[in-house]
Amino acid sequence: MRIVTLTFHRAHNYGAVLQAYALQKIIEEELKTECDVMDYRNPYIEWTYRLIRFDDFLHPKTLLRHLYFLKRNIVMKYCFAAFRNHYLKQSEGTYNPKNIKEIAGKYDLFITGSDQVWNGNLTGNDDTYYLNFLNKASKRASYAASFGVHGLGMNTSTQVKAYLKDFAGISVREQEGINLLHAMGLKGEVVLDPTFLLERAAWEKLAKDPKENQKYVLIFIMTLSKTLLEEALQFSKKHNCVPIYINLYDMKTPKGMKVKTGVCVNKWLGYIKGAEYIFTNSFHAMAFSIIFEKQFFYEKNRSKGAPNSRFESLMKVTGIQNREIGERKVLEENRQIDYQKVKEQLEGERKKSIGYLRKIIQDKKKEVEE
């Protein structure tokens, strides 16, 4: 029996490639089933990460930013390609919206997820991530898929419901996803992000030591935040740590920080593993802070209507409290996370999440044997 997963494996995003790796790993090693990652080229994602964008030349400020980060972008393109080629077992063919139907008969089970595969803002409204290219006889399911939005329009809801009604199983990453499913009259369940399915030892083996010889506070942000940077800098000084900032987009880094750019995937894991504290607004930086049992602080997206349910769901499922930046007392008190309790909480969720995958796979194996 052969399984293929569909996700954002080509994004230059640490969490995206690591969750793709984790889901494939758990299916192959724990559930003993052959699994590929579909080498799907989403046009919008490919455009987002291309090195040369001719439309940038029409906007001087955008062009300046692009040229400023060009060297870093070249390094990152190489880093993520190297990770994919070394750690992900990808489908033999390369697919896009024009030829996607060619893969339909090559696998027994298609799984979409994890990540925000159902967020049209990130896919350019590519409905391929709903597995709409399959015929009704094809077995399909989702694992920890995320809508990444608070609500769907009426027309979108109708179309999404039509896509999902043929799924053998629907699982999402956040409670908000369940709410959206219920609004469409569909059932689903919340499961863990794939990164939590692997044991800590597996991630430690993958992490590369950044060889920092001083205690440090790691700062990693996906959305620029002056507040988070300032708080992290003050906290670092108070606790006699070097502030290390993995800079993705910022052209004006604060003084007093040790800035790192072009950090490859394994070393990114190593920076989290070796940190004394982590300040972040990244879901997966939070996830790996928990996996490596680190003391961390996070900031939600302050934009109006921003989808923060992934942070809220993660804190709820782990039972972790008092880590959100925003109230001074959280940083002043600096309460330590009791990771013994967190591990106990996560173990139950891990068993439930793997059980969801196991049932879908076993049901399909029975069909194949019959």
Side-chain angles (χ1 to χ4, degrees), residues 5 7-26 37 45 49 76 79-80 83-84 87-88 113-117 119 122 143-148 172-174 177 190-200 202-204 206-208 218-225 228 245-249 260 263-275 277-301 306-318 320 323-324 337 342 346 349-350 353:
T5 63
T7 187
F8 296 155
H9 75 297
R10 287 183 59 80
H12 298 178
N13 178 289
Y14 300 110
V17 296
L18 289 168
Q19 61 82 20
Y21 167 82
L23 184 55
Q24 182 178 60
K25 200 81 170 171
I26 207 73
V37 175
I45 293 174
Y49 293 107
M76 295 304 281
C79 285
F80 282 99
F83 184 88
R84 286 195 304 271
Y87 292 103
L88 298 183
S114 178
D115 225 328
Q116 297 184 55
V117 290
N119 184 343
L122 300 183
Y143 183 82
S146 175
F147 290 98
V172 293
R173 196 174 62 182
E174 300 100 15
V190 177
V191 292
L192 288 176
D193 185 88
T195 54
F196 287 108
L197 301 185
L198 295 186
E199 299 289 349
R200 175 178 172 175
W203 293 118
E204 289 179 333
L206 207 64
K208 183 177 180 180
L218 181 68
I219 302 105
F220 178 73
I221 58 180
M222 292 297 294
T223 306
L224 292 180
S225 170
L228 189 151
Y245 177 27
I246 295 180
N247 182 14
L248 297 181
Y249 316 108
K260 300 289 181 179
V263 176
C264 289
V265 181
N266 302 68
K267 190 170 281 190
W268 182 81
L269 281 175
Y271 270 112
I272 295 176
K273 178 176 176 286
Y277 296 93
I278 291 107
F279 279 67
T280 190
N281 57 18
S282 155
F283 172 85
H284 281 107
M286 288 171 61
F288 281 105
S289 296
I290 294 168
I291 289 167
F292 289 129
E293 299 183 17
K294 296 296 175 178
Q295 304 302 319
F296 70 93
F297 300 98
Y298 74 98
E299 181 182 59
K300 291 181 181 178
N301 191 325
N308 287 307
S309 63
R310 53 186 174 166
F311 301 119
E312 294 159 1
S313 291
L314 183 55
M315 293 299 95
K316 183 177 180 181
V317 78
T318 57
I320 296 174
R323 312 311 296 177
E324 185 181 352
I337 299 170
V342 173
L346 278 175
E349 293 297 324
R350 181 178 180 275
S353 298

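Note that this is a predicted model, so its numbers are computed, not measured.
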Please examine the side chains of [Y] and [X], heavy atoms only from C-beta on, and report whether any two atoms are closer than 4.5 Å.
{"X": "F83", "Y": "L206", "answer": "yes"}
{"X": "L228", "Y": "T280", "answer": "no"}
{"X": "V190", "Y": "E174", "answer": "no"}
{"X": "V265", "Y": "V17", "answer": "yes"}
{"X": "I278", "Y": "F297", "answer": "no"}
{"X": "I272", "Y": "S289", "answer": "yes"}
{"X": "V342", "Y": "I337", "answer": "yes"}
{"X": "Y49", "Y": "R10", "answer": "no"}

Considering all heavy atoms of both residues, which atom of [X] and which atom of [Y] are nearest to each other, and what is their separation?
{"X": "S353", "Y": "L197", "value": "CB-CD2, 3.8 Å"}
{"X": "G270", "Y": "A207", "value": "N-CB, 3.8 Å"}
{"X": "P194", "Y": "L23", "value": "CB-N, 3.8 Å"}
{"X": "H12", "Y": "F80", "value": "C-CZ, 3.5 Å"}
{"X": "T318", "Y": "M315", "value": "OG1-O, 3.3 Å"}

Can you measure from [atom1] ([X]) to [atom2] ([Y]) and round to the nearest 0.5 angstrom?
{"X": "R200", "Y": "F292", "atom1": "CZ", "atom2": "CZ", "value": "7.0 Å"}
{"X": "L346", "Y": "I320", "atom1": "CG", "atom2": "CD1", "value": "7.5 Å"}
{"X": "L18", "Y": "Y87", "atom1": "CG", "atom2": "OH", "value": "10.0 Å"}
{"X": "H9", "Y": "D115", "atom1": "NE2", "atom2": "CG", "value": "13.0 Å"}
{"X": "K273", "Y": "E293", "atom1": "NZ", "atom2": "CD", "value": "12.0 Å"}
{"X": "S146", "Y": "L122", "atom1": "OG", "atom2": "CG", "value": "9.0 Å"}

Subject >> Lys NZ or Arg CZ of R323 over Y298 ring: under 6.0 Å, within 45° >> reply: no
**OP:** Hey, can you tell me if F288 and W268 have their rings parallel, tilted or perpendicular (30° and 60° cut-offs)?
**Re:**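 Aromatic pair F288/W268 classed perpendicular.
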**OP:** Can you run down the salt bridge (charged side-chain N to carboxylate O under 4.0 Å, His left out) pairs that involve residues 12-26, sequence neighbours left out, and say none if there aren't any?
**Re:** K25-E29
Any donor-acceptor pair under 3.5 Å from [X] side chain to [Y] backbone:
{"X": "Y143", "Y": "L192", "result": "yes"}
{"X": "S313", "Y": "R310", "result": "no"}
{"X": "N266", "Y": "K208", "result": "no"}
{"X": "S114", "Y": "D193", "result": "no"}
{"X": "R173", "Y": "A145", "result": "no"}

**OP:** Would you please say whether a donor-acceptor pair under 3.5 Å links the side chains of Q24 and T5?
**Re:**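 Side-chain D/A pair, Q24 to T5: absent.
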Original post:
Will you find, in the side chains of Q19 and T195, an N or O donor that is under 3.5 Å from an N or O acceptor?
Top reply: no
**OP:** With side chain to side chain contact (heavy atoms under 4.5 Å, CB included) as the test, would you mind laying out the steps for F279 and L218 before giving the verdict?
**Re:** CA-CA 6 Å; F279 279 67; L218 181 68; over 6 Å; no
**OP:** Measure centre to centre between the rings of Y21 and W203, then say whether the value is under 6.0 Å.
**Re:** yes
Original post:
How about F220 and Y14: are their ring centroids closer than 6.0 Å?
Top reply: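 Yes.
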Subject >> Chi angles and distances behind the side chain to side chain contact (heavy atoms under 4.5 Å, CB included) call for M286, F311 >> reply: CA-CA 8 Å; M286 288 171 61; F311 301 119; 3.2 Å; yes
**OP:** Begin from the C-alpha positions of H284 and N13 and carry the test side-chain hydrogen bond (donor to acceptor under 3.5 Å, both in side chains) through to its verdict.
**Re:** CA-CA 10 Å; H284 281 107; N13 178 289; 5.0 Å; no
Subject >> With sequence neighbours excluded, residues passing salt bridge (charged side-chain N to carboxylate O under 4.0 Å, His left out) with E312 >> reply: K300
